[in-house]
Peer 1: 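I am attaching a structure below and will ask some questions about it afterwards.
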Amino acid sequence: MPPLPVLNLHLQRTNPTLFSKQLVKACHEIGFFLLEHDLPNSICERALSETRLFFQKPLEQKMSIYYGHEPSFRGYMPMGVENTEGKTDGREQIEYAAEYGKWKNSSGRCNHNEEEHFYHRLRVAENPWPDTIQPSLRPAINDYVDGVLKIGDQLRDALCLGMGIDPSHLSDSMFRKTSGDEQEPNFWSMKLVSYPPPVKTTNNSASDTEYGVGAHADSNFLTMILQDAKNSGLQVQTIDGKWIDVPPTPANVLICNIGELAQIFSGGYLMATPHRVLRPQDSRISLPVFYNPKLDHVMESMVNPEELTWNRKGQNQWLRKENALMGSVGENSFKSLARSHAEVFKRHHGDLHILGDGRIQLKKNT
Ligand SMILES: O=C(O)CCC(=O)C(=O)O
Ligand SMILES: [Fe+2]
């Protein structure tokens, strides 16, 4: 089985042209790579251990930040509430996203008379942090996300360079600069995920769901994942339909993959690769960060695909009529949240209707 490409972020500083070339090759041919990075080990280990601590708490404590009370799909999602492709996923998680503070500005509601996009409901002033039961989680996760988003900026610019696009075309119009605060934040999101091992029945067969998360492609621009070193179970689908294992990786490695928005941006040259997670033998923690432009932006192809050299033998398997690829950051993000959390979507967004391909429409006369 072909191993995943390994890149080292240090090369981005010493030889940016070579790094960009390696990056684009990996993202074109498989859409997944392992990245050796220089985010301090202490930040990564602290984020993992604080996450592990949270999931060891009793259910009623974790439910203090339950996500189902709010329309924004943020907070604690217990085992059994999430599905992929109609099958229940075998994981529990906390989902967080960009905090909008003074930019929230939105009623969180939309109606037929307002010029407000339904996906503005995803803007929240502050995430639901479990400060009363674990005040140390918030700073640990904030430090981790800040560091990973900076790596995302570097990878975004390197992707542009490698594709022959001036990086400022993307960074100026679609992304807020990491250091500036005069614009609303980029719509990043993240998960703190716990994959418990399957519960065995007396005849030793697994009694519950087969996958930690079922096969899917990510709807965002670029994903970066830290996992605990002992376990993986993450699998990537190659272009010929085979599943390959992502190995266990230490804290100085991020598993990175292309999302649908980068596929759109590159005219399909970079691939939003299907992946899934098997249930682990032993429990597994992972911390995926989903890097994205601002919520209101609409991604378009910035290259002429015919001018690029295609090395890949086939098309992305995930291009299916059941999955509309929408350049709108807000619409594409809402698609995967609504699909994965049908109950919460119905409860809080009864005025919206989701079509078979994931597009969302306002119901008439609500
Ligand atoms: O936990 C992982 O390693 C991957 C999770 C994932 O693919 C997702 O949440 O989109
Ligand atoms: Fe994913």
Side-chain angles (χ1 to χ4, degrees), residues 4 27 30-35 44 47-48 51-52 55 67 73-74 76-77 79 81-85 87-97 141 144-145 148 152 187-197 209-237 243-251 253-263 270-292 316-318 323 325 332-341 358:
L4 291 179
C27 296
I30 182 153
F32 257 83
F33 60 95
L34 304 181
L35 181 72
C44 296
L48 285 170
T51 301
R52 204 171 289 115
F55 288 111
Y67 84 119
F73 305 91
R74 299 186 192 201
Y76 173 63
M77 304 169 175
M79 196 76 168
V81 299
E82 187 198 32
N83 84 89
T84 303
E85 300 269 290
K87 290 207 184 109
T88 306
D89 294 323
R91 62 181 184 177
E92 57 177 334
Q93 59 196 335
I94 310 178
E95 181 135 354
Y96 290 137
I141 296 303
Y144 168 72
V145 175
V148 175
F187 186 65
W188 61 265
S189 63
M190 79 162 303
K191 290 171 194 278
L192 287 62
V193 196
S194 163
Y195 297 91
T209 171
E210 188 181 356
Y211 296 110
V213 61
H216 66 281
D218 292 347
S219 58
N220 54 302
F221 187 82
L222 175 75
T223 305
M224 293 158 281
I225 306 167
L226 178 67
Q227 65 177 355
D228 60 13
K230 290 189 302 299
N231 281 296
S232 185
L234 177 59
Q235 293 188 318
V236 177
Q237 195 171 33
W243 289 96
I244 59 169
D245 293 322
V246 175
T249 45
V253 170
L254 288 169
I255 305 154
C256 302
N257 66 279
I258 289 295
E260 290 173 349
L261 290 173
Q263 179 166 315
L270 309 178
M271 188 167 49
T273 306
H275 51 284
R276 66 186 184 190
V277 179
L278 304 177
R279 302 293 300 272
Q281 296 294 318
D282 202 356
S283 68
R284 170 178 183 252
I285 297 289
S286 77
L287 296 172
V289 174
F290 304 97
Y291 182 82
N292 245 341
N316 185 352
Q317 318 241 351
W318 211 246
N323 185 42
L325 293 190
N332 219 41
S333 304
F334 213 98
K335 168 182 78 177
S336 47
L337 289 166
R339 279 180 153 171
S340 300
H341 301 282

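We count residues from 1, following the sequence as given. Below, each value reflects all heavy atoms present in this structure, side chains not excepted, and no hydrogens, waters or symmetry copies. Nothing here was measured: the structure is a model prediction, and the numbers come from that model. Start at 1 and go down the list; that is how both ligands and their atoms are numbered.
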Peer 1: Would the distance check show the side chain of T84 and the main-chain N or O of V213 forming a donor-acceptor pair, the cut-off being under 3.5 Å?
Peer 2: no
Peer 1: Regarding ligand 1, does K191 bring an N or O atom to under 3.5 Å of one of the ligand's N or O atoms?
Peer 2: no
Peer 1: Contact between V193 and ligand 1, counting heavy atoms under 4.0 Å?
Peer 2: no
Peer 1: Applying a heavy-atom cut-off of 4.0 Å, say which part of V277 lies close to ligand 1: side chain, backbone, both or neither.
Peer 2: side chain
Peer 1: Which of these, M190, R91, Q227, has its nearest heavy atom closest to atom 9 (O) of ligand 1?
Peer 2: R91
Peer 1: Atoms of ligand 1 less than 4.0 Å from Y195 heavy atoms?
Peer 2: 1 (O), 2 (C), 4 (C), 5 (C)
Peer 1: Using a heavy-atom cut-off of under 4.0 Å, does the side chain or the backbone of R276 touch ligand 1, or both, or neither?
Peer 2: neither
Peer 1: Specify the closest pair of heavy atoms between A272 and A217, including all atoms of both residues, with the distance to one decimal.
Peer 2: O-CB, 3.7 Å
Peer 1: Quick check against the 3.5 Å criterion: does R74 have a side-chain atom that pairs as donor or acceptor with the backbone of Y96?
Peer 2: no
Peer 1: Among E95, Q93, Q235, H216, whose heavy atom sits nearest atom 8 (C) of ligand 1?
Peer 2: H216
Peer 1: Within ligand 1, which atoms have a heavy atom of F290 less than 4.0 Å away?
Peer 2: 8 (C), 9 (O), 10 (O)
Peer 1: Judged by atom type as modelled, is there a donor-acceptor pair below 3.5 Å linking the side chain of T273 to the main-chain atoms of I30?
Peer 2: yes
Peer 1: Output the list of atoms in ligand 1 that are nearer than 4.0 Å to some heavy atom of H275, sorted by atom number.
Peer 2: 7 (O)
Peer 1: Under 3.5 Å, is there a donor-acceptor pair between the side chain of Q227 and the main chain of P247?
Peer 2: yes
Peer 1: Starting from the Fe ion (ligand 2), look over the N/O/S atoms of D218 and name the nearest one.
Peer 2: OD1
Peer 1: What atoms of ligand 1 come within less than 4.0 Å of a heavy atom belonging to S286?
Peer 2: 1 (O), 2 (C), 3 (O)
Peer 1: Has the side chain of T209 got a donor or acceptor atom that lies under 3.5 Å from a matching backbone atom of T88?
Peer 2: yes
Peer 1: Do the charged groups of E260 and K335 touch, with an N to O distance under 4.0 Å?
Peer 2: yes
Peer 1: Considering heavy atoms of the protein only, find what lies nearest to atom 3 (O) of ligand 1 and give residue, atom and distance to 0.1 Å.
Peer 2: R284 NH2, 2.8 Å
Peer 1: Can you tell if the side chain of E210 reaches within under 4.5 Å of the side chain of R279, non-hydrogen atoms only?
Peer 2: no
Peer 1: Using a strict cut-off of 4.0 Å, indicate which atoms of ligand 1 neighbour a heavy atom of D218.
Peer 2: 10 (O)
Peer 1: Classify the angle between the aromatic ring planes of F73 and F334 as parallel (below 30°), tilted (30 to 60°) or perpendicular (above 60°).
Peer 2: perpendicular
